[in-house]
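First the structure, in the form of structure tokens, and then the observations on it.
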Amino acid sequence: MTDKYAVIGNPIEHSKSPLIHQAFAKQTKQDISYEKILAPLDGFVEKISELIKLGYKGVNITVPFKLQAFQLATKLSARAQYAGAVNTLSFNGVDIVGDNTDGAGLVRDIEDNLHIPIAGKRILLIGAGGAAEGVLHPLLACKPALLVITNRTLAKAEAMLSKVKAQTETSVCVCGLDDLHTQQFDIVINATSTGLSDTALPLPSTIFSQDCLAYDMMYGRETPFMCLARSHSAQVVDGLGMLVEQAAEAFYGWRGIRPMTPVVMLMIKEST
Ligand code: NDP
């Protein structure tokens, strides 16, 4: 019996998840199907019930349903609880188990694929939406020297800070986008959606230290953030590696086998 999986979002047409998971399945000889499913904006819960009835084993969740998936889950992994959002659901016949693999995906891309240790680094995390929330705790677990959160709406960054401040030895603080001109960072992560609209963030170019890694979670296009970082000699990387690594982490959770990711990253890059 072929086990059924899918990614659910709205919109969903652009999703590369089927390509990635089908490649993982082929590589690891797993008998699974994986498709993309469009859920109506007001019909996420009904769609999940329908898929459970049809015997699906699990789904990945993308925009805008990660919060609803968090609320729907009857069991949550620790990292989903920290993130307050779910990007992976597993159906085991009894529970709807929610996980969040975004942070693990980002950390694995930076540390294993790019060979940049996070420990001891000064990190700037730009954004306070679902993606930023998902990566904050996993980044802190790597023990950076400093982590500064900045966001257009500062209150959201402050809310993120208040959730982690008491639980970490790392020096974590919030700083307005306008107040960054005196600071330099070793790793700057753009977790905003500004790349989607080609909007430039009002960032001072002085934030990039020598040998800085500028990581944009957006993939498949050169964003204004990437252009700015490139013009200040940063090492610029997009979010394709994170995408493939978070998928590998979900695949591992479902199938108990960790696929090899570099070959899949290459395939996706060549297909875009
Ligand atoms: P959300 O909608 O939850 O958050 C959007 C964030 O972007 C907020 O911090 C928001 O600030 C900020 N923002 C939006 N527009 C502007 C603007 N004009 N100027 C300044 N800041 C702005 O989105 P997500 O967190 O879910 O996703 C963020 C990005 O990460 C997306 O591009 C997504 O594609 C990418 N992503 C990539 C993944 C990967 O695997 N590579 C995985 C998950 C996400 P404010 O709070 O002020 O509104």
Side-chain angles (χ1 to χ4, degrees), residues 7-21 41 60-70 79-80 82-88 99-110 113-114 124-139 148-161 174-178 180 188-204 213-226 228 236-251 261 264-265 268-269 272:
V7 58
I8 301 189
N10 187 330
I12 199 62
E13 205 37 57
H14 66 287
S15 176
K16 302 228 175 284
S17 291
L19 265 182
I20 295 171
H21 281 275
L41 288 173
N60 287 129
I61 311 295
T62 186
V63 178
F65 300 125
K66 288 184 184 182
L67 201 61
Q68 280 185 67
F70 177 81
R79 55 195 184 183
Y82 283 126
V86 155
N87 77 339
T88 305
D99 192 9
N100 190 313
T101 64
D102 281 340
L106 174 71
V107 166
R108 193 156 286 135
D109 195 34
I110 294 176
N113 298 336
L114 302 168
L124 176 64
L125 179 60
I126 312 166
E133 292 247 27
V135 301
L136 178 59
H137 204 273
L139 284 170
V148 176
I149 311 166
T150 189
N151 191 44
R152 176 177 63 177
T153 310
L154 214 54
K156 282 166 71 179
E158 275 155 3
M160 273 172 68
L161 173 69
V174 162
C175 187
L177 281 161
D178 302 340
L180 290 165
V188 180
I189 299 165
N190 182 16
T192 73
S193 52
T194 50
L196 286 169
S197 55
D198 275 336
T199 307
L201 287 157
L203 291 170
L213 168 68
Y215 195 105
D216 201 320
M217 287 194 192
M218 179 88 210
Y219 54 87
R221 64 201 291 184
E222 182 81 357
T223 66
F225 168 77
M226 292 162 101
L228 175 73
V236 176
V237 174
D238 75 4
L240 180 72
M242 174 180 172
L243 178 77
V244 174
E245 293 296 350
Q246 63 77 26
E249 190 72 13
F251 189 90
T261 49
V264 178
M265 264 175 228
I268 301 292
K269 234 177 233 166
T272 51

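Counting from 1, the numbers follow the sequence of the chain as shown. Ligands are counted one by one from 1 in listed order, and the atoms in each one are counted from 1 as well.
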Run through all N or O atoms in ligand 1 and write down each protein N or O closer than 3.5 Å, as a pair with its distance.
residue: ligand 1; atom: 3 (O); partner: Gly130; partner atom: N; Å: 3.0
residue: ligand 1; atom: 7 (O); partner: Ser193; partner atom: N; Å: 3.1
residue: ligand 1; atom: 9 (O); partner: Ala128; partner atom: N; Å: 2.9
residue: ligand 1; atom: 9 (O); partner: Asn151; partner atom: OD1; Å: 2.7
residue: ligand 1; atom: 11 (O); partner: Asn151; partner atom: OD1; Å: 3.2
residue: ligand 1; atom: 18 (N); partner: Arg152; partner atom: NH1; Å: 3.4
residue: ligand 1; atom: 25 (O); partner: Gly130; partner atom: N; Å: 3.2
residue: ligand 1; atom: 25 (O); partner: Ala131; partner atom: N; Å: 2.7
residue: ligand 1; atom: 40 (O); partner: Leu243; partner atom: N; Å: 3.4
residue: ligand 1; atom: 41 (N); partner: Met217; partner atom: O; Å: 2.9
residue: ligand 1; atom: 41 (N); partner: Gly239; partner atom: O; Å: 3.0
residue: ligand 1; atom: 46 (O); partner: Asn151; partner atom: ND2; Å: 2.8
residue: ligand 1; atom: 46 (O); partner: Lys156; partner atom: NZ; Å: 2.7
residue: ligand 1; atom: 47 (O); partner: Arg152; partner atom: NE; Å: 3.0
residue: ligand 1; atom: 47 (O); partner: Thr153; partner atom: N; Å: 3.0
residue: ligand 1; atom: 47 (O); partner: Thr153; partner atom: OG1; Å: 2.5
residue: ligand 1; atom: 48 (O); partner: Arg152; partner atom: NH2; Å: 2.9

Open item on the list: Side chains of Thr223 and Asp216 only: does a donor on one sit below 3.5 Å from an acceptor on the other?
Closed with: yes
TODO: State whether the side chain of Asn100 and the backbone N or O of Ala85 hold a donor-acceptor pair below 3.5 Å, judged by distance alone.
DONE: yes
Open item on the list: Go through it in stages, so that I can follow the logic: the residues are Met160 and Leu125, the test is side chain to side chain contact (heavy atoms under 4.5 Å, CB included), and I'd like the CA-CA distance, side-chain angles, deciding distance and then a yes or no.
Closed with: CA-CA 11 Å; Met160 273 172 68; Leu125 179 60; 4.1 Å; yes
Open item on the list: Do the side chains of Glu249 and Arg79 get close enough for a salt bridge, i.e. N-O under 4.0 angstrom?
Closed with: yes
TODO: Classify the angle between the aromatic ring planes of His137 and Tyr82 as parallel (below 30°), tilted (30 to 60°) or perpendicular (above 60°).
DONE: parallel
Open item on the list: side chain to side chain contact (heavy atoms under 4.5 Å, CB included) for Phe225 and Met218? Distances and angles first, verdict last.
Closed with: CA-CA 10 Å; Phe225 168 77; Met218 179 88 210; over 6 Å; no
